[in-house]
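Right, one structure below, let's go through it.
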Amino acid sequence: MKADVAIIGAGPAGLMLGHKLVQAGIDVLLIERQSPDYVLSRIRAGVLEQVTVDLLDELELGDRLHREGLPHHGFNLADGERLIRIDLEELTSRCVTVYGQTEVTHDLMAEAPRRGLSIVYEANDVVLLDLESETPGVRYLKDGAEHIVRARFVVGCDGFHGPSRQAIAKTGKAYERVYPFGWLGLLADVPPCNEELIYANHERGFALASMRSPTRSRYYIQVALNEKLEDWPDERIWDELALRLGPEAAARITRGPSIEKSIAPLRSFVFEPMRFNNLFLAGDAAHIVPPTGAKGLNLASSDVAYLARGLIQWFKSGRRSGIDSYSETALKRVWKSERFSWSLTSLMHRFPEAGAFGRRMQVAELDYIAGSRAAQTSIAENYVGLPL
Ligand code: RFL
Ligand code: PHB
């Protein structure tokens, strides 16, 4: 089998890149380990920056997003007593869009056959081949039979645990911070407790009130890493949310049965460079942010925007400048989002080792933010997304 570009992983990064390249007349094969249903069942991001919206618009895949997505002009930080509103619109003239990653993935997957984007699902035992040659390849098993696809470039969009970064681990450097807690998420078909998101720092730990639509809520609470889902029946999560989000929000929480619950660990991670010869990395394969800043999916989008531009330039005119500068350009934006996600995580969570002094520092910083337009502007600028 042959393709111009072989992409490993059909998450948002792989699907967006695949569509961008196919739109430019480049022949792509996407290789995904899971089934389509499994990919669509993963509940993840909910907040899209303008970069992601723009990318879907360029692909002419933004219709449903514009119909069903919710523009959010602000969000709130809660410090246990009050809500500090960050007015995105007023401070940056921009906003974010609440539209689930599942919906983005669905829109991209549904359109793939019509646009000639080939996707092999349920491909097992993916191995990357000959990355230093001009015909690198990917070997995989499908229904027990071995296949090899040869391409001019291979792109690893296979997430944090995929084989692409592992294949080149020795050629670069990894930077990592693992946080001593995780997020327990709950999805329920009940109206959200607030029109805008609330990120709460409470004595008992962090909580987030988010949503997918006017009738579907998404909530998270900080939990210790050794917590088990079976110890968290829905009622216990609702009780904890009511305490942590504060009395105002608690009074407006509608409880209901969960339709999904999961625990995810929090981590900051960057692998440099995001390229080895004819292999490029994009999205979670190259970097992870803790979800507090809502940056993960949006970073995948900016990687895709830079890499698509470079690859299209190479295939159309043979110029190498775009692909040669890809890693450096993408990493500049990655590190700024890493910084923001780490700082918001540090501000909003309970760190067991930080003690009473650490807690006072958080309270003082939240009080400073509440009274400073400059501090609010800095948060708003990062939250809506830095320019490409
Ligand atoms: P993905 O989505 O992990 O997709 C990788 C794909 O590669 C496949 N794969 C393989 N395929 C073939 N062979 C193999 N050996 C393979 N190994 C893996 C996988 O099956 C999968 O289909 O990475 P991608 O495309 O880079 O996208 C990244 C985003 O998914 C991620 O950054 C976001 O979900 C992060 N995130 C958020 N990002 C935001 O921008 N805004 C948010 O509000 C937000 N909230 C979140 C989040 C992530 C969360 N979790 C669960 C970590 C909230 C949570 C709770
Ligand atoms: C979500 O709705 O899943 C969500 C929203 C904001 C975040 C993280 C997750 O920062």
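Nothing fancy with the numbering, it's 1 onward along the sequence. Numbering of ligands and ligand atoms starts at 1, following listing order. Excluded from the calculations below are hydrogen atoms, water molecules and symmetry mates; all remaining heavy atoms, backbone and side chain alike, are included. Source: prediction; values computed, not measured.
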Can you see whether [X] engages [Y] through a side-chain donor-acceptor pair at a distance of less than 3.5 angstrom?
X	Y	result
Arg359	Asn201	yes
Tyr220	Arg218	yes
Tyr306	Ser325	no

Tell me whether Arg33 has any N or O atom under 3.5 angstrom from an N or O of ligand 1.
yes

Can you tell me if Tyr38 contacts ligand 1 (heavy atom of the residue under 4.0 Å from the ligand)?
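So Tyr38 does not count as touching ligand 1.
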
Where does [X] meet ligand 1, judged by heavy-atom distances below 4.0 Å: at the side chain, the backbone, both, or neither?
X	answer
Gln101	side chain
Ile288	neither
His161	neither
Asp284	both

Specify side chain, backbone, both or neither for Arg212, according to which of its non-hydrogen atoms lie closer than 4.0 Å to ligand 2.
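The answer is the side chain.
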
In the protein, which heavy atom is nearest to [atom], and how far is it?
atom	answer
atom 39 (C) of ligand 1	Leu297 N, 3.2 Å
atom 6 (C) of ligand 2	Tyr199 OH, 3.2 Å
atom 4 (C) of ligand 2	Tyr220 CE1, 3.9 Å
atom 48 (C) of ligand 1	Arg44 CB, 4.3 Å

Less than 4.0 angstrom from a charged side-chain N to a carboxylate O is my criterion; do Lys336 and Glu381 meet it?
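Salt bridge: no.
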
Between Asp130 and Arg150, is there a salt bridge with N-O shorter than 4.0 Å?
yes

Considering [options] one by one, which has a heavy atom nearer to [atom] than any of the others?
atom	options	result
atom 45 (N) of ligand 1	Ala45, Ala13, Cys157	Ala45
atom 52 (C) of ligand 1	Ala264, Ala294, Gly296	Ala264
atom 7 (O) of ligand 1	Asp158, Val47, Leu299, Ile7	Asp158

Could you tell me whether Arg218 and ligand 2 have an N or O pair separated by under 3.5 Å?
no

Within-cut-off N or O pair, Tyr383 and ligand 2, under 3.5 Å:
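By distance alone, the answer is no.
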
What atoms of ligand 2 come within less than 4.0 Å of a heavy atom belonging to Arg44?
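Listed by number with element: 3 (O).
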
